[in-house]
Protein chains: 2
Amino acid sequence: MPNSEELRQAGLKTTLPRLKILGILEDAADQHFTAEDVYKRLLDSGEEIGLATVYRVLTQFEGAQLVIRHNFEGGRSVFELNDGKHHDHMVCVKCSKVIEFYNQQIENLQTEVAEDHSFTLQEHALVMYGLCSDCVA
Amino acid sequence: MPNSEELRQAGLKTTLPRLKILGILEDAADQHFTAEDVYKRLLDSGEEIGLATVYRVLTQFEGAQLVIRHNFEGGRSVFELNDGKHHDHMVCVKCSKVIEFYNQQIENLQTEVAEDHSFTLQEHALVMYGLCSDCVA
DNA sequence: ATGTATGCAAAACATTTGCACCTGG
DNA sequence: CCAGGTGCAAATGTTTTGCATACAT
């Protein structure tokens, strides 16, 4: 279970739901969860936390920059712990595995393109869809 | 109004709703519409076409590669005519304007990154969020 | 004619919100 | 104690579906 200090720093009161949810995200820091995923894990570990609270907490965490929310294909949002290091994603269309990557050249080119169009870039999302090495076999 | 041949080639029977919807998309080939946008335009031009039909037709068009569906931020899907030329998008977070762009170097780098991870790339979506030149002023 | 498409209303989802109750500091 | 957080249920917004009717070939 995470230190309550992390929540304090984010300006959030230390409560059991918040600690539990942050714990789940930290235990699998490289994974991506839907709100429902988090909710199921809470139930599995015997917690009585409502789905609405999961949504509220994840939204607060997003506001506090503790997590990042993604809108991959399929209508539902996925959340991942924000480790401070920006990266982009490859999503396997078969097994839904998510691979993270970072390419400085691509980042630089995006900045250039934005400048060429007088566009003030705030953030971006690059998602590549395809088959991971396990699924292509 | 578009030629019924385009629908025929896509394997879709020529019907009035399909022709009308395709017409709207073609009349503004560089714009991006939500299903509701298309529905409103139909109503404005006096057509009695249900929203459910708009969704069904757009989904069929997507399957037929006539249109491309995007999941930008904000929960709703947007559709654009598929002109066959791949491109990526900048979305203004203030006025929702969509600017298209294409950068061959970025495309190439994506292919490289995928290869480096033994990932079989099928498609990708690069969306840059920020302020367009009108909104930054 | 006949199989497919459409319209409407209802269902299905993901997410948000109102409100009474509970909790952390 | 008291502001803020949580649970539940109901509301919301978008997209899908069931079914009877209408249409294209």
Side-chain angles (χ1 to χ4, degrees), chain A residues 1-24 32-40 42-43 45-64 66-79 96, chain B residues 1-24 32-40 42-43 45-64 66-79 96:
Chain A
M1 192 125 79
N3 195 302
S4 42
E5 193 50 35
E6 297 176 66
L7 290 174
R8 195 73 41 72
Q9 289 187 344
L12 296 170
K13 198 185 281 187
T14 307
T15 66
L16 193 109
R18 287 177 182 156
L19 284 171
K20 289 289 180 190
I21 291 171
L22 186 53
I24 286 174
H32 297 67
F33 299 92
T34 66
E36 196 87 33
D37 291 337
V38 173
Y39 178 60
K40 289 211 194 81
L42 289 169
L43 292 188
S45 55
E47 298 299 330
E48 296 285 325
I49 295 176
L51 181 56
T53 298
V54 174
Y55 274 106
R56 271 188 291 236
V57 169
L58 287 173
T59 301
Q60 289 157 354
F61 283 5
E62 184 192 11
L66 281 173
V67 307
I68 297 177
R69 180 198 297 250
H70 299 288
N71 293 284
F72 296 156
E73 306 210 329
R76 65 188 95 201
S77 298
V78 300
F79 300 84
S96 295
Chain B
M1 192 123 81
N3 194 303
S4 43
E5 193 51 34
E6 296 176 66
L7 291 173
R8 193 71 42 72
Q9 290 187 343
L12 296 170
K13 200 183 279 187
T14 307
T15 66
L16 192 109
R18 288 176 181 158
L19 285 171
K20 288 290 180 189
I21 293 171
L22 186 54
I24 286 174
H32 297 67
F33 299 92
T34 66
E36 196 88 33
D37 289 338
V38 173
Y39 178 59
K40 287 212 196 80
L42 289 169
L43 292 189
S45 55
E47 296 300 329
E48 295 285 324
I49 295 176
L51 180 57
T53 298
V54 174
Y55 275 104
R56 271 188 290 236
V57 169
L58 287 173
T59 301
Q60 290 156 354
F61 283 4
E62 183 191 12
L66 281 173
V67 307
I68 297 177
R69 179 198 299 248
H70 300 288
N71 294 285
F72 297 156
E73 304 210 332
R76 66 190 93 198
S77 298
V78 299
F79 300 83
S96 296

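In what follows, chains carry the letters A, B, and so on, assigned in the order in which the sequence lines appear, proteins first and then strands, with residues in each chain numbered from 1.
At whole-Å resolution of the value, CD in B:Glu48 and P in D:dC23 are 13 Å apart. Atom CD1 of A:Ile21 and atom C1' of D:dT6 are 11 Å apart (whole Å). Protein atom CD of A:Glu47 is 14 Å distant from nucleotide atom C1' of D:dG7, rounded to whole Å. Distance OH (A:Tyr39) to C1' (C:dT16): 16 Å, rounded to an integer number of Å. Distance, B:Ile49 CD1 to C:dC8 P: 11 Å, rounded to whole Å. Summarising the geometry, the separation between CG on A:Leu58 and C1' on D:dG5 is reported as 15 Å, rounded to the nearest angstrom. In this structure, B:Arg18 atom CZ and D:dA22 atom P are separated by 19 Å, rounded to whole Å. Separating the CG atom of B:Leu7 from the C1' atom of C:dT6 is a distance of 15 Å, rounded to the nearest angstrom.
To the nearest 0.5 angstrom, A:Leu58 atom CG is 9.0 Å from A:Gln60 atom CD. Distance check, rounded to the nearest 0.5 Å: NZ of B:Lys40 to CG of B:Leu42 gives 11.5 Å. If you take CZ on A:Phe61 and CG on A:Leu12, they are separated by 6.5 Å, rounding to the nearest 0.5 Å. With values rounded to the nearest 0.5 angstrom, A:Ile21 atom CD1 is found 10.5 Å from A:Arg56 atom CZ.
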Verdict with reasoning, B:Thr59 to B:Arg69, per side-chain hydrogen bond (donor to acceptor under 3.5 Å, both in side chains) | CA-CA 8 Å; B:Thr59 301; B:Arg69 179 198 299 248; 3.2 Å; yes
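Of all the heavy atoms in B:Leu66 and B:Ala10, the pair that sits closest is CD1-CB, 4.0 Å. The two residues A:Val38 and A:Ile24 have their closest heavy-atom pair at O-CD1, 4.0 Å. Pairing each heavy atom of A:Ser4 with each of A:Leu19, the nearest pair is CA-CD2, 4.1 Å.
When the local axes at the two ends of the helix from C:dA1-D:dT25 to C:dG25-D:dC1 are compared, using 5 base pairs at each end, they differ in direction by 30° after rounding to 10°.
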Could you write out each protein N or O paired with an N or O of nucleotides 13-15 of chain D at a distance under 3.5 Å?
| from | atom 1 | to | atom 2 | distance (Å) |
| --- | --- | --- | --- | --- |
| D:dT14 | OP1 | B:Arg76 | NH1 | 2.6 |
| D:dT14 | OP1 | B:Arg76 | NH2 | 2.9 |
| D:dT15 | OP1 | B:Ser77 | N | 2.7 |
| D:dT15 | OP1 | B:Ser77 | OG | 3.3 |
| D:dT15 | OP2 | B:Tyr55 | OH | 2.3 |
| D:dT15 | O5' | B:Tyr55 | OH | 3.3 |

Short heteroatom pairs, N/O only, protein and nucleotides 18-25 of chain C, under 3.5 Å:
| from | atom 1 | to | atom 2 | distance (Å) |
| --- | --- | --- | --- | --- |
| C:dG18 | O6 | A:Arg56 | NH1 | 3.3 |
| C:dG24 | O3' | A:Thr14 | O | 3.2 |

Hey, can you pull the donor-acceptor pairs under 3.5 Å for the side chains in residues 47-55 of chain B, sequence neighbours left out?
| from | atom 1 | to | atom 2 | distance (Å) |
| --- | --- | --- | --- | --- |
| B:Glu47 | OE2 | B:Lys20 | NZ | 3.3 |

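In this view, A:Arg76 satisfies the salt bridge (charged side-chain N to carboxylate O under 4.0 Å, His left out) rule with no residue, not counting sequence neighbours. Annotation: ring pair (Phe, Tyr, Trp, His ring centres under 6.0 Å) contacts of A:Phe72 (sequence neighbours excluded): A:His70, A:His89.
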